[in-house]
Amino acid sequence: MKHRTLRLIAWRLLMALPILFGVIVVTFVLIRALPGDPAIVYASGPNMSQEDIDAIRRAMGLDKSVFEQFLIYLNNIAHLNFGNSLVTGQPVLKDFGERLPATLELAVFAFALSLVVALPVGVLSALYRDSWIDQLVRVITSVSAAMPGFFFGLILIFIFYFLMGIAPEPIGRLSGWSIAPPTVTGFMTIDAALIGDWEIFWEALGKMLMPAASMAIFAVAPLMRMMRGGMIDALDSDYIKAARAYGIPRRKILLQYALPNAMLPVLATMGMVLSTMLGANIMIEKLFAWPGIGSYSVNALTGVDYAPVQAFVLIVAVLFVLMTLAIDILSAAIDPRYKLKG
Amino acid sequence: MTAMLEIDNLTLEFETPAGRVHALDNVGLSVDRGECVALVGESGSGKSITGMAIMRLNGPNARIRASRIALDGTDLQGLTDKAFQTIRGRRVAMIFQNAKSALNPLRKVGDTLTDILRAHAPERLSRRDARARVLDMLEMIGIREAEDRMYAYPAELSGGMCQRIMIAAALLCEPELIIADEPTSALDVTTQVKVMDLLMSACRERGVAVLFITHDLALASAYCDRAVVMHAGQMLEDGPAEEVFVHPRHPYSRMLLDSMPYGKESAADLKPMGGNLPDLRRDDLPACRFAERCSRVQDCCRTQSIPEARPSEAHAVRCFFPHD
Amino acid sequence: MARSVALYHLRRNTATSVAAAVIVLLFLLAIFGPLIVPYDPLATSMQEVLQPPSAEHWFGTDQLGRDIFSRVVVATRLDFAIAVAAVAISALAGISVGAMSGYLGGWLDGVTSRIVDVMMAFPLFVAAMALVAVFGNSVQSVVLATSIINFPFYFRLARIEAASRREIGYVEAALINGNSSGSVIFRFLLPNSLPPVIVQVSLNLGWAILNTSGLAFIGLGVAPPTPEWGIMIQEGASMMMSGEWWTVFFPGLALVLSVFCFSLLGDGLRDIADPRRRS
Ligand SMILES: Nc1ncnc2c1ncn2[C@@H]1O[C@H](COP(=O)(O)OP(=O)(O)OP(=O)(O)O)[C@@H](O)[C@H]1O
Ligand SMILES: [Mg+2]
């Protein structure tokens with residue numbers, strides 16, 4: 001039984017490899033296709049001569065054949081060398097390293113938030129099918145599915161910051177005069193908790209609330225819908241009827257019979273949800289001036305600074321492929337039928 | 001001595017968006033200890049919902065009225081839902097048509113079985129002890145490599161094996177009544193025989209009452225003591241199996257029998273069923289719901305309440321003009 | 001017969017018909033909007049900066065004194081045009097390539113399917129962003145980028161339809177009657193995969209509008225001062241902190257309304273096309 005799971009994981013990993021390779025090829029093509037000769041952009045100083053540009057071209061390997069250039073690109077990726085940013089003048093890797101924790105903290109919090117809201121409500125609306133709760137949920141899901149996060153975020157800002165004055169200024173992770181805790185994990189809340197600075201902890205958490213809610217709104221509708229549908233299908237199934245006929249306690253039926261089965265379709269849509277979340281990250285970070293990789297890359301893009309964009313696209317795609325893989329493996333771990341197929 | 005199961009005047013209606021479904025109309029039947037009663041009738045005649053009604057599993061849109069649904073002499077209708085929990089699985093067990101889909105696909109079958117046992121354990125039963133008892137049961141009903149089977153998921157087992165697991169589940173708490181809803185119709189013939197033998201040995205050796213729901217008349221006549229014929233939610237004939245199947249009195253029973261290949265000399269003797277079940281949502285259903293398909297029909301069949309004829313002491317026919 | 005059943009459901013499902021009506025209305029606005037708006041959507045007026053909604057300016061004015069109502073109405077044309085063009089391109093391309101791929105099978109199918117797998121490995125919005133960067137910052141780029149990211153959905157849909165219908169009788173009969181493979185694809189397979197495609201188109205139009213305004217919001221594609229919902233929201237963003245809510249609220253409302261109606265219509269159409277999946 002165990003080795004079958006392992007074999008399945010190995011098989012899925014193997015299947016993901018060509019996709020990862022394709023992703024690398026696409027990002028390679030991307031940088032070639034971006035407008036402007038990278039060398040010229042790179043060497044855009046006022047007193048650069050043609051020789052200087054040629055030198056840089058040679059240094060960047062642009063005089064070599066496309067195939068050789070691709071090998072160089074592969075080699076660079078293997079060494080996590082994503083080039084330098086024109087704007088910050090730093091290696092892209094370093095810039096990313098500084099900003100990734102901010103992105104992750106927000107994204108993880110937002111994702112958790114969407115799960116915490118969507119899943120129980122989805123279950124409730126399935127349990128009380130066609131009740132007012134269910135009707136309300138239906139309206140909420142259809143409206144929130146049409147609600148862009150950046151618009152939702154602005155409404156939140158207006159209500160909670162401007163009108164009620166209970167939300168902190170919607171800019172960044174901490175207010176200007178607060179002192180960030182020493183970086184350990186890069187997650188502001190955790191770092192603050194580590195040194196016991198609860199004031200900063202609550203401030204960081206408060207600052208995260210509105211952007212996280214705006215990001216979560218993208219995920220809530222599909223998650224809620226699938227949870228509801230999955231739960232309804234499970235509750236109507238023969239095995240639930242049988243479990244009830246055998247007098248298994250209601251609580252147990254709900255938690256150990258219906259819920260795991262209902263989670264399967266939720267897991268199946270998780271890939272789509274993650275995809276939208278990764279996109280939402282860009283818009284929301286931009287809106288709340290969140291110092292993460294999303295806002296960094298958008299600024300790079302509008303500033304014609306392409307190395308960070310390329311790295312961003314590559315990293316996000318790889319992350320996405322890995323997360324899809326993880327979902328796949330999780331489904332396989334839950335569902336024995338999956339193993340039989342694979 | 002009272003019968004194990006007694007149902008009197010069971011009427012069941014479903015409220016649906018498309019109207020009220022008059023699904024059962026004054027159904028009555030009884031099953032003794034150690035007796036196997038077949039409940040037969042074509043698809044949609046209300047066999048399954050009769051079984052479900054005993055178990056209170058008809059769903060929220062069902063409206064049930066009955067003068068009596070008694071188990072071993074006590075009426076179950078007075079029980080609260082909580083008290084009813086001790087009936088389900090413990091005193092009355094149910095076996096479903098499609099065993100594979102009746103087992104939680106994400107749970108090892110051994111775990112499902114222990115769940116059932118522990119749900120009804122009088123005192124706290126440890127997981128280990130429960131598993132040991134489940135294993136005993138599996139071995140007792142002749143499942144080979146029972147230990148391994150307990151770790152299998154339903155999808156890894158054959159349909160016949162799943163059905164045997166379901167029978168083990170049914171026997172686990174030593175019930176007094178088993179409702180078997182087409183337990184064999186998803187199985188091939190050889191497996192069918194094995195599963196039926198298993199069920200019947202429980203019935204005969206342990207004195208369990210069995211209500212055997214089926215539309216396979218051959219199977220019913222081979223195994224059952226008595227037969228109850230249902231049509232469109234009404235009970236039409238109830239008698240000893242050899243009488244009902246060899247010499248049916250009700251025109252519907254006869255029609256049902258004539259449409260079965262069993263015991264026919266040639267294909268020419270086979271007669272297809274005439275007409276269809278009436279739409280149970282109708283408010284103008286005739287008194288005898290078979291009236292519209294019946295060759296012996298007269299006006300009284302539609303309007304007057306149907307009398308019960310008794311060709312023999314144990315044999316009842318609800319018809320104005322039964323065959324003799 | 002099938003048509004009257006479809007009509008019956010359409011009438012029964014009021015939500016779907018209301019959504020359809022609103023969409024028709026929005027399309028009319030997209031066509032005639034610029035003719036009927038009270039003000040020039042580009043005309044600035046320093047005397048009337050950030051006026052709240054009033055009788056003269058129904059939706060108020062923005063930071064340059066432009067009439068927000070006129071801008072919201074005129075923007076319908078651009079947002080809808082981008083969405084329609086992008087979805088049309090992706091549907092046509094996706095369906096033809098997908099049907100071909102599914103019908104012919106073999107190595108061609110293998111290669112195209114792998115390419116589509118790689119396309120799907122990029123989160124949609126990130127891919128759109130990168131593509132707009134590649135094609136240059138323009139409206140055409142947004143159309144192209146949006147159609148590329150939507151391509152896989154149509155491809156897969158048509159591919160599965162074609163592959164599953166290849167063995168069905170009427171296709172074989174058509175082949176025996178001397179139709180070429182190409183005409184089989186276009187005369188038999190495509191018309192039959194139409195219902196799911198229509199559903200997808202309706203859902204897709206909503207996404208495309210969201211996508212366009214999202215790109216505009218982060219400064220890609222459509223550029224100011226062009227009236228476009230995403231840009232208007234972006235321009236009004238800082239005003240939300242100082243309380244001029246109408247700068248963001250009305251363009252946002254228009255955006256949500258159109259996306260909402262397209263997705264309602266899509267869901268309703270799916271019920272009609274495939275009653276088993278009714279939620
Ligand atoms: N929840 C429900 N709501 C409405 N009608 C129902 C419901 N459950 C069952 N029915 C109706 O009750 C009638 C009897 O159904 P039942 O399942 O008991 O038939 P059956 O005799 O078991 O047939 P089969 O041999 O096909 O199993 C059918 O007409 C069915 O449509
Ligand atoms: Mg049945």
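Proteins come first, then strands; the chains are lettered A, B, ... in the order of their sequence lines, and each starts at number 1.
Proximity to chain C (any heavy atom under 4.5 Å) is shown, for A:Phe158, by both the backbone and the side chain. Using a 4.5 Å cut-off between heavy atoms, A:Ile171 contacts chain C through its side chain alone, with no backbone atom that close. Heavy-atom distances place no part of A:Phe152 under 4.5 Å from chain C, backbone and side chain included. Residue contact with chain C, scored on non-hydrogen atoms closer than 4.5 Å, involves the backbone and the side chain of A:Ile19 alike. For chain A, the nearby part of C:Leu253 is the backbone; its heavy atoms alone come within less than 4.5 Å. Neither the backbone nor the side chain of C:Met239 comes within contact range of chain A; no heavy atom of the residue lies under 4.5 Å from a heavy atom of that chain. Contact of A:Ser142 with chain C is made through backbone and side chain together, with heavy-atom distances under 4.5 Å. Only the side chain of A:Met272 comes within less than 4.5 Å of a heavy atom of chain C; its backbone N, CA, C and O stay farther away. Heavy-atom distances place the side chain of C:Asp267, and not its backbone, under 4.5 Å from chain A. For C:Ser242, the part sitting under 4.5 Å from any heavy atom of chain A is the backbone (N, CA, C, O) and nothing else.
Proximity of A:Phe218 to A:Met283: side-chain heavy atoms (C-beta onward) are separated by under 4.5 Å at one or more points. Residues C:Met241 and A:Phe162 form no side-chain contact, since every pair of their non-hydrogen atoms from C-beta on lies 4.5 Å or further apart. Side-chain atoms of A:Arg99 and A:Trp290, non-hydrogen and from C-beta on, never get closer than 4.5 Å to each other.
Top candidate by heavy-atom pairs under 4.5 Å with chain C, chosen from A:Leu20, A:Val298, A:Val23, is A:Val23. The candidate from C:Phe249, C:Trp245, C:Phe217 with the greatest count of non-hydrogen atom pairs under 4.5 Å with chain A is C:Phe217. For the options A:Leu30, A:Thr27, A:Ile157, heavy-atom pairs under 4.5 Å to chain C are most numerous at A:Leu30. Among A:Leu278, A:Leu154, A:Thr324, A:Ile232, the residue making the largest number of heavy-atom pairs under 4.5 Å with chain C is A:Leu154. Interface check for chain C: of the options A:Pro18, A:Ala146, A:Gly271, A:Ala145, the most heavy-atom pairs under 4.5 Å are formed by A:Ala146. Here A:Ile282 is the residue among A:Val321, A:Ile282, A:Asn299 with the most heavy-atom pairs under 4.5 Å with chain C. Of all the listed residues (C:Ser263, C:Gly219, C:Gly214), the one sharing the greatest number of non-hydrogen pairs under 4.5 Å with chain A is C:Gly214.
No donor-acceptor distance shorter than 3.5 angstrom exists from the side chain of A:Lys286 to the backbone of A:Asn281, with no hydrogens or angles considered. Looking only at distances, a side-chain donor or acceptor of A:Ser275 sits under 3.5 Å from a matching main-chain atom of C:Leu124. A donor-acceptor contact shorter than 3.5 Å links the side chain of A:Asp305 to the backbone of A:Val87. The backbone N or O of A:Pro291 sits nowhere less than 3.5 Å from a side-chain atom of A:Ser295 that would complete a donor-acceptor pair.
Here C:Trp246 contributes atom CH2 and C:His57 contributes atom NE2; the two are 12.0 Å apart, rounded to the nearest 0.5 Å.
Using a cut-off of 4.0 Å between Lys/Arg side-chain N and Asp/Glu carboxylate O, A:Asp328 and A:Arg12 are scored as salt-bridged. Salt bridge annotation for C:Asp109-C:Arg114: absent, with no cationic side-chain nitrogen under 4.0 angstrom from a carboxylate oxygen.
Here the closest non-hydrogen pair linking C:Ala145 and C:Phe135 is N-CE1, 4.3 Å.
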